Amino acid sequence: MQITEPEITEITAAKLGLTAAEFEKIKQILGRTPNFVELSIYSVMWSEHCSYKNSIKWLKTLPRDGKRLLVGAGEENAGLVDIGDGIACAFKIESHNHPSAIEPYQGAATGVGGIHRDIFTMGARPIAALNSLRFGNPDTKHTKGLVKGVVKGIGNYGNCFGVPTVAGEVFFDECYNQNILVNAMSVGIVRVGETVSACADGPGNPVFIVGSRTGKDGIHGATFASADLHEESHEDLPAVQVGDPFQEKLLLEASLEAIKTGAVVGMQDMGAAGITCSTSEMSAKSGTGMRIDLSKVPTRQANMLPWEILLSESQERMLIVGHAGQEQPLFDVFEKWDLECVQIGEVTDTGILEYYYEGEKVAETPAQPLVLGGGAPVYDREYTKPAYMADISKFRLSKIEQPSDIKVAARKLFSLPNLVSKRWVYEQYDSMVRTNNLSTNAPSDAAVVRIKGSKKSLVVTVDCNAAYVHADPYTGAMIAVAEAARNIVCTGGVPVAITNCLNFGNPYNPEVYYQFVHAIKGMGDACRKFNTPVTGGNVSFYNQSQVGTKTEPVFPTPTIGMLGILEDPTHQTTLNFKGEGDVIYMLGNVHNDLSSSEYLRNVLGVKRSPAPHFDLHEEFELQQLVQQLVRKKWLRSAHDVSDGGLFTNLMESAIASGLGFNVETMDTFRKDCFLFGEGQSRVVLTLKSDKEDDFQNFLVNSNVSFTKLGEVFGTEVVIDGEKFGSVAEWKAIYENTLGEKFDEN
């Protein structure tokens, strides 16, 4: 094939997303001007998506050590935690934001497929999926189309692949009107000692590409994810991959079976940057090189150019390094599963990546400079406190009028799309496949996933209130970690570790970078307090949209995926009320605080206020106490106070059971603050009345304040002696509002 390459200049480099300084650095590394294939390699490997060049300095400040950690952040495709009984859990969360904004169905579907591959490429079998989704105004046609496409993409891929979606969150805010966020998490299990590394040890060992054929979908997807969305972003549609969940299911089973043959040295999935990323990262990890013949790569389209083959992000593919002389067992396994397994090269001892096409060397570069920590650029950006925070500091609660009719206010609050049930969404996901989900019939603050063959279960959740982070990046990020831990503790588990998906705007914007830096600081402090090290995750910058001359970043959204362990099945605690006459208590301090609440922001329309009250030590003491109470087995239910405040907390427990409640507010606080405020570090508990004396005596000796609210009673909602209607009426609002909105033609 005759290949005509463009002239390589700074302009060429700039079109591929490289700066003039980076172009000069590439020339220094190579000792010459790169050709187009080589420049394309560096453009994807040094993109923000692959290199973390604007974030790695701060990521390294996060806590990474823990007694249960087997594989920490950056060591492999996902973190690995020892959960006992000879079992380890691999888990990770990643974003697929830009592709989902342009092509919601395939963008979301391939996000799910990609994160599952990160898990089973380590030898772990995925057993649960979670997701965190952010959309714009749900009343617009544009948002409705995105929601339907994303939900269908996640549901169809996950359902066909056969891994249950056990938990998630869906939030709406106008800041996400153009740039939605789609964060997908996968959780898998593996026997300790049976994992496989993403390495390329052993010069002379064969290199195989397995799974689907390579096509032109997804080319320059990493570069696409490292730039702002704009009015012409739809023209980048080839950067969106196309997924096939049935092919992924075959690849899963074949990969796990191949590992058991003992013929696999190392394995890496082909996500961002495709063959380029897999060959460079595996080689750099082992200090080796590779000689790759691109003309041997099975392709879906004829006459694909070398750089297209290298950069394609076609899905359902793996790169495997095998033991020389043990090729046949690998061929046999993949033939059994009707998948292609083709040797495309071999490991060398040079540390150099050499790519050939039809007998001609088309690219040559050292492996180390391509990868994170091996020579890729690292930047220390300037940051400035955002101007809007001056308005936040001017907020005064005294200027907010109290509602003239608290029942009308409650109804407006409980009809908000961020607070009503997401049943319309999760009913499109299969939550019961493989029968390990223990949360479907007994709702709880976090999902509980059984580990067959062990009495232990995993407790998993995803959490982040981006409005809090926008108001105060440091405090808001601490709250995200704290709420995730609180949800796990309220479910009866012990928090163990986190993975994170850090969604921010353009890092070259000093105000955005301020948000990033302070969110990292807050996250780190909270993780150290809860002893939940960071096992890895994803940084997604450039989440902002250009509409005409205006550029708007999304709210800073550091999504926390947290793993906990339920040591004993009798500790599992749910949120639904259990019986009439049970007493209702609230642990934690109440404050005259409406800051950044759903009520203040979306009922009263006051968009700028501080983050809600939060004290890290207070939160820690609360969670320690709840863990002790769970083990005493006094609790009938436990539910944390979060979005929507105490009123929403009580309504969710009532709706889940069909039982009503009769509670009293405290006249030392504004009633709207008491019911609708979102001050943190509070949990609502119920217990039988005959346990009340023991319960109170125990709490008196703790450092946590407590308040008796009332009792579970009948099927009506009664507050301060005033009837608010039946639970059935509120349930109709809660369960049908979102469906009615998105089922409209």
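Note that this is a predicted model, so its numbers are computed, not measured. The basis for the numbers below is simple: all heavy atoms, side chains too, and nothing from hydrogens, waters or symmetry mates.
- Under the 3.5 Å distance criterion, the side-chain polar atoms of Asn592 are matched with a main-chain donor or acceptor of Arg670.
- Ring centroids of His470 and Tyr388 are separated by less than 6.0 Å, placing the two rings close together.
- In this structure, Asp672 and Leu594 have side chains that are in contact, with non-hydrogen atoms separated by less than 4.5 Å.
- Other residues, nucleotides and ligands contribute at most 12 non-hydrogen atoms within 6.0 Å of the NZ atom of Lys731.
- Between the side chains of Ser540 and Asn543, a donor-acceptor pair is found at a separation under 3.5 Å.
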Exercise for review: Give the intermediate values and the outcome of side-chain contact (heavy atoms from CB on, under 4.5 Å) for residues Asn179 and Tyr542.
Suggested key: CA-CA 9 Å; Asn179 203 134; Tyr542 301 96; over 6 Å; no
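- Of the possible donor and acceptor atoms, none in the side chain of Ser415 sits under 3.5 Å from a partner among the backbone N and O of Leu413.
- Using a 4.5 Å heavy-atom threshold, the side chains of Ile180 and Leu133 count as separate.
- Between Arg381 atom CZ and Asn54 atom CG the span is 4.5 Å, to the nearest 0.5 Å.
- Counting heavy atoms from C-beta on, the side chains of Met651 and Val727 never come closer than 4.5 Å.
- Taking the ring centre of Tyr379 as origin, the terminal cationic atom of Lys53 falls outside the region bounded by 6.0 Å and 45° from the ring axis.
- Relative ring orientation between Phe676 and Tyr599 is described as tilted, the plane-to-plane angle lying within the 30° to 60° band.
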Exercise for review: Please assess Asn500 against Thr559 for the test side-chain contact (heavy atoms from CB on, under 4.5 Å), listing each intermediate value before the final yes or no.
Suggested key: CA-CA 6 Å; Asn500 56 40; Thr559 305; over 6 Å; no
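- Phe516 has its ring centre less than 6.0 Å from the ring centre of Phe541.
- At least one donor-acceptor pair closer than 3.5 Å links the side chain of Trp730 to the backbone N or O of Phe724.
- Gln402 CD: more than 12 foreign heavy atoms inside a 6.0 Å radius.
- Heavy-atom contacts from other residues, nucleotides or ligands closer than 6.0 Å to NZ of Lys385 number 12 or fewer.
- The closest side-chain heavy-atom distance from Met185 to Val462 is below 4.5 Å.
- A distance-only check finds no donor-acceptor pair linking the side chain of Glu552 to the backbone of Cys175 [under 3.5 Å].
- Between the Thr491 side chain and the Gly493 main chain, no donor and acceptor come within less than 3.5 Å of each other.
- Residue Lys152 qualifies as open at atom NZ: its count of foreign heavy atoms under 6.0 Å is 12 or below.
- In this structure the side chain of Val151 reaches within 4.5 angstrom of the side chain of Tyr429, judged on heavy atoms.
- The ring of Tyr474 has its center no closer than 6.0 angstrom to the ring center of His518.
- Formation of a donor-acceptor pair under 3.5 Å by the Glu619 side chain with backbone atoms of Ser681 is found in this model.
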